Amino acid sequence: MKFELTGQNPAGKARTGKITTDHGIINTPIFMPVGTQGTVKAVTEENLKNDIGAEIILSNTYHLYLRPGMEIIENGGGLHRFMNWDRPVLTDSGGFQIYSLSDLRKMKKEGVEFRSHLDGSSHYFTPEKVINIQRQIGSDIMMVLDECTPWPCEYDYAVKSTELTSRWAILNREAFDSSAPLYGFNQNLFGIIQGSVYKDLREKSAKELLKLDFDGYAIGGLAVGEPAEVMYEIVDFTTDYIPANKPRYLMGVGRPENILEAISRGVDMFDCVMPTRNARNAYLFTSQGIVTIRNARYKNDYSPLDPECGCYTCRNYSRAYLRHLFVANEILGLQLATIHNLRFYLDLVRESRRKIEEGTFEDWKNEIINKISINVSATEEK
RNA sequence: GGGCAGGCGCCAAAGUAGGAGAGUUGGGGCGGACUGUAAAUCCGUUGGCUAAGCCUUAGGGGGUUCGAUUCCCUCCCUGCCCA
């Protein structure tokens, strides 16, 4: 993997770059659609490429390991072939499941024990195991096993947790170095900086991980309920500790405005379930603001969802039709909504790159946030 | 024409051997939430009003009773069966 910087906005810390992998180039800043179970829910590979313009997608170690299981993935020729996706894939390690499935797991010194949410069976994840699974999956970018801390998080717990993540990082690195790719292309490993909302811990975590010279650095443990301003502050603080020549990935973020603010603070990569999940829940992002397409107000609205959007959905269907699909619980609604929301996110980062290269990112960002973060329905109500 | 079973909120049903009550469940309607996906999920709301209360309400009308959605009479309607 190669990462080169291609542009830098004069104000702020926003920058553009290019990640070259064996499955192609990723332009940064980039948003990565989430495909937890080896599918970006409700859309096809063709949608992802042609209608959305996805350059890389995310998948998940924990979920794929439980189902369909590694044997199926390996026999299928690795995840790329299995799911018919020939562009880069990043896999999360299961660190987020330590957070989101906290009722079903037990932290151990060397790893974490999960009870499967599918059948209750027990599974033990260690850094080494998680690296091996990601070898079997064949992701282009693998993530270290970490612990994603919740919010709020007591300082003492954050100290212990961050130490654990740092200790595990070494084991992740060793397992990575002593194993090899299975499918004939290179794989890379990103470290994850933790430390909750505590700057001293973030600094410590970053410095410890830098010694291990990962291919890129993620900022984890944010967007778990803390105020956005706190998140921005920690992001701003932490990116200063990541060398300029390494990609910076803010895990799990976020709303469009969160992404723009983080780009402004020097982040290159993002992922979030929001565009996909919210699409399936009738919550659509548009250039004019949030459209909750199930609302009765759209019953007779035959205009396109977003007149400024060039996606398949906006080119061909009206708000009234989309609303009808959602109200009638028709599957097509999920697909059309997902195509649009993901296209909106990808357009957002594409436009960000353009503005950074023009040097006008900051002003544009502020203007756009004002436009897109309002709720269209609520506004028109007044 | 006769017999039987029923009619409860926008809809479909539950329940009540008379007594907690605008009142159970599901659906529908309306609104909201969702941030490294246990999510095509979840939550709220859904008679009226001069709103910590009051009023109206269980097919219509009448009756018994301190009290009726529940019992009785009658009419109307629906379904099934028989002519």
Side-chain angles (χ1 to χ4, degrees), chain A residues 31-43 56-64 66-67 90-105 114-120 130 139 141-151 165 190-194 218-228 231 235 249-259 261-262 267 269-285 290 292-299 323 325-338 341 345 375 377-378 381:
Chain A
F31 178 81
M32 306 180 278
V34 177
T36 303
Q37 307 206 63
T39 164
V40 178
K41 292 183 196 295
V43 292
I56 171 175
I57 61 172
L58 210 79
S59 201
N60 186 278
T61 302
Y62 170 84
H63 289 278
L64 291 177
L66 287 187
R67 187 171 57 190
L90 181 150
T91 40
D92 187 29
S93 59
F96 185 72
Q97 278 64 44
I98 291 176
Y99 157 82
S100 66
L101 302 177
S102 58
D103 294 342
L104 296 171
R105 57 82 166 150
F114 284 105
R115 267 189 307 116
S116 162
H117 65 281
L118 301 172
D119 62 9
V130 160
S139 46
I141 298 173
M142 306 163 45
M143 300 303 298
V144 297
L145 184 65
D146 67 327
E147 183 189 5
C148 176
T149 50
W151 189 86
T165 290
F190 279 25
I192 304 176
I193 299 164
Q194 290 290 348
I219 302 170
L222 291 177
V224 287
E226 77 285 0
M231 172 172 80
V235 167
Y249 165 26
L250 178 56
M251 304 187 81
V253 172
R255 301 191 58 86
E257 55 270 31
N258 300 151
I259 288 174
E261 293 293 0
V267 174
M269 303 167 72
F270 302 88
D271 79 282
C272 189
V273 303
M274 189 163 285
T276 42
R277 179 188 289 168
N278 284 22
R280 297 193 305 282
N281 294 326
Y283 185 105
L284 305 176
F285 298 94
I290 305 304
T292 45
I293 197 64
R294 249 192 306 248
N295 287 179
R297 64 187 312 99
Y298 301 116
K299 199 184 297 188
R323 175 184 135 87
L325 292 179
F326 270 95
V327 168
N329 202 24
E330 281 291 341
I331 307 174
L332 181 60
L334 307 182
Q335 182 178 14
L336 295 177
T338 302
N341 268 2
Y345 268 63
N375 187 311
S377 309
E381 206 64 63

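The structure presented is a predicted model; accordingly, all values stated were derived computationally and were not measured. Every chain is numbered from 1 and lettered A, B, ... according to where its sequence line falls, protein lines coming before strand lines.
Of the P atoms belonging to B:rG23 and B:rC76, the separation is 35 Å, rounded to the nearest Å. Atom P of B:rG31 sits at a distance of 24 Å from the matching atom of B:rU50, rounded to the whole Å. The separation of B:rA13 from B:rG61, taken at their P atoms, amounts to 23 Å, rounded to a whole angstrom. The same atom, C1', is picked in B:rU46 and in B:rU24; the two are 16 Å apart, to the nearest Å. B:rU69 and B:rA22: their P atoms are spaced 11 Å apart (whole Å). Rounded to whole Å, the C1' atom of B:rA14 lies 28 Å from the corresponding atom of B:rU64. Between B:rU70 and B:rU57, the distance separating the two C1' atoms is 16 Å to the nearest Å. Comparing B:rC73 with B:rC80, their C1' atoms are spaced 25 Å from each other, to the whole Å.
When both distances must be under 3.5 Å, the Watson-Crick or G-U wobble mate of B:rG44 is B:rC30. Applying the Watson-Crick and G-U wobble criteria (two distances, each under 3.5 Å), B:rA22 pairs with nothing in any strand. Here B:rG1 sits opposite B:rC82 as a Watson-Crick or G-U wobble pair (both hydrogen-bonding atom distances under 3.5 Å). Base pairing of B:rU69 is not made with any nucleotide, judged by Watson-Crick or G-U wobble geometry with both donor-acceptor distances under 3.5 Å. The pairing partner recorded for B:rC49 is B:rG53, the criterion being a Watson-Crick or G-U wobble arrangement whose two distances lie under 3.5 angstrom.
The shortest non-hydrogen separation linking A:Y298 to A:R323 is C-CD, 3.8 Å. In terms of heavy atoms, A:G38 sits closest to A:S59 at N-OG, 3.4 Å. In terms of heavy atoms, A:G252 sits closest to A:A223 at O-CB, 4.3 Å.
A donor and an acceptor atom, one from each side chain of A:N341 and A:Y283, are nowhere located under 3.5 Å apart.
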Its contact letters, B for base, S for sugar-phosphate only and - for none at protein heavy atoms under 4.0 Å, make nucleotides 34-40 of chain B read BBBBBBB
Close N/O contacts between protein and nucleotides 25-30 of chain B (under 3.5 Å):
residue	atom	partner	partner atom	Å
B:rC30	OP1	A:R323	NH2	3.2

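The environment of CD1 in A:I331 is sparse: at most 12 heavy-atom neighbours from other residues, nucleotides or ligands sit within 6.0 Å.
Looking only at distances, a side-chain donor or acceptor of A:S93 sits under 3.5 Å from a matching main-chain atom of A:V144. Listed for the A:Q194 side chain is no donor-acceptor partner under 3.5 Å among the backbone atoms of A:I192.
Look at CD1 on A:I290: it is 9 Å from P on B:rA33, rounded to the nearest Å.
Only one option out of A:T61, A:T91, A:D92, A:N60 pairs with A:S139 in a side-chain hydrogen bond (donor to acceptor under 3.5 Å, both in side chains); it is A:T91.
Considering only residues two or more places apart in sequence or on other chains, A:F326 meets the ring-ring contact (aromatic ring centres under 6.0 Å, His included) condition with none of them.
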